Amino acid sequence: MSMKFSGQVALVTGAANGIGRATALAFAAEGLKVVVSDVDAAGGEGTVGLIRAAGGDARFIRCDVTRDAEVQALMEGVVAAYGRLDYAFNNAGIEIEKGKLAEGSEAEFDAIMGVNVKGVWLCMKYQIPLLLAQGGGAIVNTASVAGLGAAPKMSIYAASKHAVIGLTKSAAVEYAKKKVRVNAVCPAVIDTDMFRRAYEADPKKAEFVATMHPVGRIGKVEEIAAAVLYLCCDAAGFTTGHALAVDGGATAI
């Protein structure tokens, strides 16, 4: 895969593993400088190590996206390191529900909404002025197929991802004439550490999840990374306010 990028610097949150790590590596492979961010410092530094081992340029900045001051400091750190920001992938998120809506707790609600919604809002709040200052750029937010429909036993998570899509579409319209594009990527079930932890003890569940996708398998982190890079690259210059399902056909049923 080769894509054309006019900018030089990409930021990826939630980049210690999984989709975030794969996307950071993909940006670096295209020659971009990458700021890797996560609350998991060891994992984030590991991603930076992989990029540097492949000849790329990357730095790690720890950030809790639920905290305004830390997000502001992250953006200041990006500028201090590389002088600018061109692309941002707001990927940090959590998924901790275990039951139906009436079985959820206030603590679960606050935690999920804090990271998945407030975190995306805060990141865009401080990213957009940087992009405006240099004449444009692109942002991609991680939503989910759970943001495009129902998600039984994951109602709070689904609500958070619907909210991410709402933030994405609204920001896209607000800044479209300023050449700031904002899109969302909506994965189905992807082969990540989170997935493996959830299903390694019960292979039947893994088989069931695979059958949810008409293609007959779960997705790969590299497939989501490819979608993110497309939404950022010059070829997607006419695409903004879009929630792109990368789901093996799941939402077509």
Side-chain angles (χ1 to χ4, degrees), residues 1-15 18-37 47 51 54-58 78 82-91 120 123-124 127-145 147-148 161 164-188 190 213 215 219-252:
M1 178 184 67
S2 180
M3 301 184 184
K4 182 180 178 182
F5 295 89
S6 296
Q8 305 169 339
V9 181
L11 164 66
V12 181
T13 69
I19 292 170
R21 171 174 282 184
T23 305
L25 290 169
F27 272 127
E30 292 295 320
L32 278 72
K33 301 176 179 68
V34 184
V35 174
V36 171
S37 186
T47 300
I51 291 172
D57 188 346
V78 172
Y82 294 121
R84 59 187 292 139
L85 175 66
D86 299 287
Y87 312 105
F89 179 35
N90 297 319
N91 173 66
V120 169
C123 284
M124 288 201 293
Q127 290 159 356
I128 288 171
L130 297 180
L131 300 181
L132 291 173
Q134 64 192 38
I139 296 171
V140 178
N141 299 318
T142 296
S144 167
V145 292
L148 299 172
K161 294 305 185 178
V164 168
I165 292 173
L167 287 170
T168 298
K169 289 179 177 291
S170 298
V173 173
E174 289 175 352
Y175 297 100
K177 291 184 179 179
K178 298 294 185 179
K179 298 182 180 180
V180 174
R181 296 187 300 104
V182 188
N183 293 289
V185 64
C186 301
I190 307 299
H213 311 110
V215 298
K220 302 174 183 177
V221 291
E222 292 83 5
E223 291 169 321
I224 307 304
V228 174
L229 264 65
Y230 165 70
L231 290 171
C232 288
C233 80
D234 293 352
F238 200 56
T239 303
T240 194
H242 183 59
L244 177 62
V246 187
D247 64 353
T251 56

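Remember, it's a predicted structure, so these values are computed and weren't measured experimentally.
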If you look at every heavy atom in [X] and [Y], which pair is closest and at what distance?
{"X": "His213", "Y": "Ala188", "value": "NE2-CB, 3.4 Å"}
{"X": "Gly241", "Y": "Lys169", "value": "O-NZ, 3.1 Å"}
{"X": "Leu11", "Y": "Ser37", "value": "CD1-CB, 4.3 Å"}
{"X": "Leu32", "Y": "Gly7", "value": "CG-O, 4.3 Å"}
{"X": "Ala143", "Y": "Ile165", "value": "CB-CG1, 3.7 Å"}
{"X": "Val246", "Y": "Ala227", "value": "CG2-CB, 3.7 Å"}

Within a strict 4.5 Å, meaning less than it, do heavy atoms of the [X] and [Y] side chains meet?
{"X": "Asn183", "Y": "Thr239", "value": "yes"}
{"X": "Asp86", "Y": "Ser6", "value": "no"}
{"X": "Val185", "Y": "Phe89", "value": "yes"}
{"X": "Cys232", "Y": "Val140", "value": "yes"}
{"X": "Ile139", "Y": "Leu131", "value": "yes"}
{"X": "Val78", "Y": "Val9", "value": "yes"}
{"X": "Gln127", "Y": "Asn90", "value": "yes"}
{"X": "Asn91", "Y": "Thr23", "value": "no"}

Interatomic distance, [X] atom [atom1] to [Y] atom [atom2] [nearest 0.5 angstrom]:
{"X": "Cys123", "Y": "Leu167", "atom1": "SG", "atom2": "CG", "value": "11.5 Å"}
{"X": "Arg21", "Y": "Thr47", "atom1": "CZ", "atom2": "OG1", "value": "3.5 Å"}
{"X": "Asn141", "Y": "Thr168", "atom1": "CG", "atom2": "OG1", "value": "4.0 Å"}
{"X": "Lys33", "Y": "Leu85", "atom1": "NZ", "atom2": "CG", "value": "13.0 Å"}
{"X": "Tyr175", "Y": "Thr240", "atom1": "OH", "atom2": "OG1", "value": "12.5 Å"}

Using the ring of each side chain (for Trp, its six-membered ring), is Tyr87 parallel, tilted or perpendicular to Phe27, with breaks at 30° and 60°?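 Tyr87 and Phe27: parallel rings.
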Starting from the C-alpha separation in whole Å, work towards a yes-or-no answer on side-chain contact (heavy atoms from CB on, under 4.5 Å) for Tyr82 and Gln8. CA-CA 9 Å; Tyr82 294 121; Gln8 305 169 339; over 6 Å; no
With side-chain contact (heavy atoms from CB on, under 4.5 Å) as the criterion, how do Leu132 and Leu130 come out once you've worked through the C-alpha distance, each side chain's angles and the decisive distance to 0.1 Å? CA-CA 5 Å; Leu132 291 173; Leu130 297 180; over 6 Å; no
Verify side-chain contact (heavy atoms from CB on, under 4.5 Å) between Cys186 and Asp247, making sure each step is shown before the conclusion. CA-CA 7 Å; Cys186 301; Asp247 64 353; over 6 Å; no
List the steps and the verdict of side-chain contact (heavy atoms from CB on, under 4.5 Å) for Val36 and Ile51. CA-CA 10 Å; Val36 171; Ile51 291 172; 4.2 Å; yes
